[in-house]
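Numbers restart at 1 for each chain; the letters A, B, ... are given by sequence-line order, proteins then strands.
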Amino acid sequence: MDITFEKVGYTYQKGTPFESRALYDIDLMIKEGSYTALVGHTGSGKSTLLQHLNALSKPTEGTVKIGDRVITSQTDNKNLKNIRKKVGIVFQFPEAQLFEETIARDIAFGPKNFGASEEEGKEIAKRMLPLVGLDESFMERSPFDLSGGQMRRVAIAGVLAMDPEVLVLDEPTAGLDPQGRKEMMEMFFGLHQQQNMTIVLVTHQMDDVANYADHMIILEKGTVVKQGEPREIFQDAEWLESKQLGVPAAVAFAGRLEKRLNRSFAKLPLTTAELAEQIAAWLPNLPKQTAQEKGGEDR
Amino acid sequence: MDKIVTLKNLTYQYRDTDDRLALEDVSLSIEAGEWVAIIGPNGSGKSTLAKTINGLIVPDKGEVKVGDLPLTEENLWKIREKVGMVFQNPDNQFVGSTVQDDVAFGLENLAVPRKEMVERVHSAIQKVKMDSFMEREPARLSGGQKQRVAIAGVVALRPDLIILDEATSMLDPQGRKEVIQTVKEIKEQENLTVISITHDIDEAALANRIFVMRAGHLIEEGTPAEIFANGDNLVHMGLDLPFPEKLKSALSRNGLSVPDTYLTDEGMVEWLWTLLSKK
């Protein structure tokens, strides 16, 4: 299922003295099976854009196509339920939305709303826990006895329980320690690779963009200022710095090294693994090793 | 030098049913004017430790002293005037409807006379460079701006010690820079002591000493260079690896032998330059 924006604009409280334009003139496409990173400063319109991905907000101008559904300002609010099932959004700090007495019930809440029985709900919860790195022993525990990181996993399991085709993640690792951050990012990448899940990731971490995304969209002041492959976009480090967005650590380091050595890398290294490989290639006396695939150990 | 914080044998458990202690026999002291960082994975007891310093948490065992004052019920409010805290989520700490009301809140509670209050509020807001936002609604500011207002609220109380409890972890890189820069400047001007609880390696690098917590224990203490020399183990200390360390691991996976010592970015560039210039 693709999601396509055509000339999308959104104005809050349109037609009132408080009206404010959050998005304008947005053309973009989230391709089925892609991993898209959405990048931009606070206030650039990222959150408003996210809400259009599953019709929580309807565009005030233009059209949003979600699979075969077309959403415009005229779309009736009825019958949108199915879209919400196909596009799951994990909002910031989703652990704040936990409320049930047991973890199993919390995870099963969505499916039950869509008609799953008590038994089926339990089955689904049981299947979801390992996906987020927890096990069955958590089923009957209270979600409020967990650590922050574990609570977040439970909340994410609740979204996955709806079996979405597209998973939208709004800064999913904010506030976690580096170990937890890495585990969670690997978990999403696993879902993307194994289940061909389409991922949309909102992030400030350029290293995450470099490590995981195959498409990148940069928002500024309510509109798209650049989109394309991360490798292409990161070529123009100067432009990114001018937008105060920065580049992945490997790209920044490669730049310093090129300057010092007065020598250029054949291909811009985006990740630490790529950088190490290219440096090793400059040292011909080393034993040759196979190139590390995307998904190496050092993200 | 004068000790501003002395913690002796602190032990604390949140609930009797918890399978382990949140703090177990933790002792440390901090000199006035220091910038220390407390690191450790989520759940290691960093925030619990920080909250004992201003009596938000009363340890089951052990002793807390701020300056010369032991933390007792009598001294609690005196100590809270000395210790300002800035928390992780900027949205959880606003009470005022404008920036200046918010900064004034703490002073109102201390019944500071109006004239002095106005002065202190304005000067605190100036120090965090938010003067052009005095009448704005805190909710409408960016994350970095919100945290700067929270810092102004603390600074207005003229504390001796400021504790940043993951105060930058929810901010974008720009907001992070703003907040750190602000704290650095204020620390110099006011001769403050700073305790920063953080997972951010760049932030930890600003400290003159780092304390490492794990599972309720204080397991290590050292300068940033000493701590960062832990290499891959840093991840288990709740920090991300510095980039040169990551690159070293990746290079050794490609068959290179790499130095054991901690290298800065600069040091790494020089080492590679030397290596690659040899023919």
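To the nearest 0.5 Å, atom CG of residue A:Leu261 and atom CG of residue B:Leu276 are 5.5 Å apart. Atom OG of B:Ser277 sits about 7.5 Å away from atom CZ of A:Arg260, to the nearest 0.5 Å. With rounding to the nearest 0.5 angstrom, the CD1 atom of A:Ile279 is 8.0 Å from the CG atom of B:Leu256. Considering CD of B:Gln88 and CZ of A:Phe93, their distance stands at 5.5 Å, rounded to 0.5 Å. Rounded to the nearest 0.5 Å, atoms CD (A:Gln179) and CG (B:Leu234) are 12.0 Å apart.
When the shell of 6.0 Å around CD of A:Gln13 is examined, it contains more than 12 heavy atoms from other residues, nucleotides or ligands. Counting heavy atoms of neighbouring residues, nucleotides and ligands inside a 6.0 Å radius, atom NZ of A:Lys243 exceeds 12 of them. A 6.0 Å sphere centred on CZ of B:Arg140 holds no more than 12 heavy atoms belonging to other residues, nucleotides or ligands. The neighbour count for A:Glu101 CD, taken as heavy atoms of other residues, nucleotides or ligands under 6.0 Å away, does not exceed 12. Within a 6.0 Å radius of CG in A:Asp135, more than 12 heavy atoms belonging to other residues, nucleotides or ligands are found.
Among all heavy-atom pairs drawn from B:Gly238 and A:Pro178, the shortest one is O-CD, 3.1 Å.
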Is there a side-chain contact (heavy atoms from CB on, under 4.5 Å) between A:Leu275 and B:Phe243 once you walk through the steps? CA-CA 12 Å; A:Leu275 176 62; B:Phe243 182 76; 3.8 Å; yes
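Within residues 264-274 of chain B, the residues having any heavy atom under 4.5 Å from a heavy atom of chain A are, by residue number, B:Asp265, B:Glu266, B:Met268, B:Val269, B:Glu270, B:Leu272, B:Trp273.
A:Ala250 touches chain B through backbone and side chain together, each having a heavy atom under 4.5 Å away. With a 4.5 angstrom heavy-atom cutoff, B:Leu247 touches chain A via backbone and side-chain atoms both.
With chain B as the partner, the residue from A:Asp207, A:Leu245, A:Leu176, A:Thr203 showing the most heavy-atom pairs under 4.5 Å is A:Leu176. Chain B forms the most heavy-atom pairs under 4.5 Å with one residue out of A:Ala174, A:Gly180, A:Ala249, and that residue is A:Ala249.
Without hydrogens or angle criteria, A:Asp177 side chain to B:Asn42 main chain gives a donor-acceptor distance under 3.5 Å.
The side-chain contact (heavy atoms from CB on, under 4.5 Å) search around A:Ser47 returns A:Asp170, not counting sequence neighbours. A:Ser264 is linked by a side-chain contact (heavy atoms from CB on, under 4.5 Å) to A:Glu258, counting only residues two or more places apart in sequence or in another chain. The side-chain contact (heavy atoms from CB on, under 4.5 Å) check on A:Tyr12 picks up A:Tyr10, A:Ser20, A:Ala22, A:Thr48, A:Gln51, with sequence neighbours excluded.
Ion pairing of A:Asp145 with B:Arg15 is present here, as a side-chain N (NZ or NE/NH1/NH2) and a carboxylate O approach within less than 4.0 Å.
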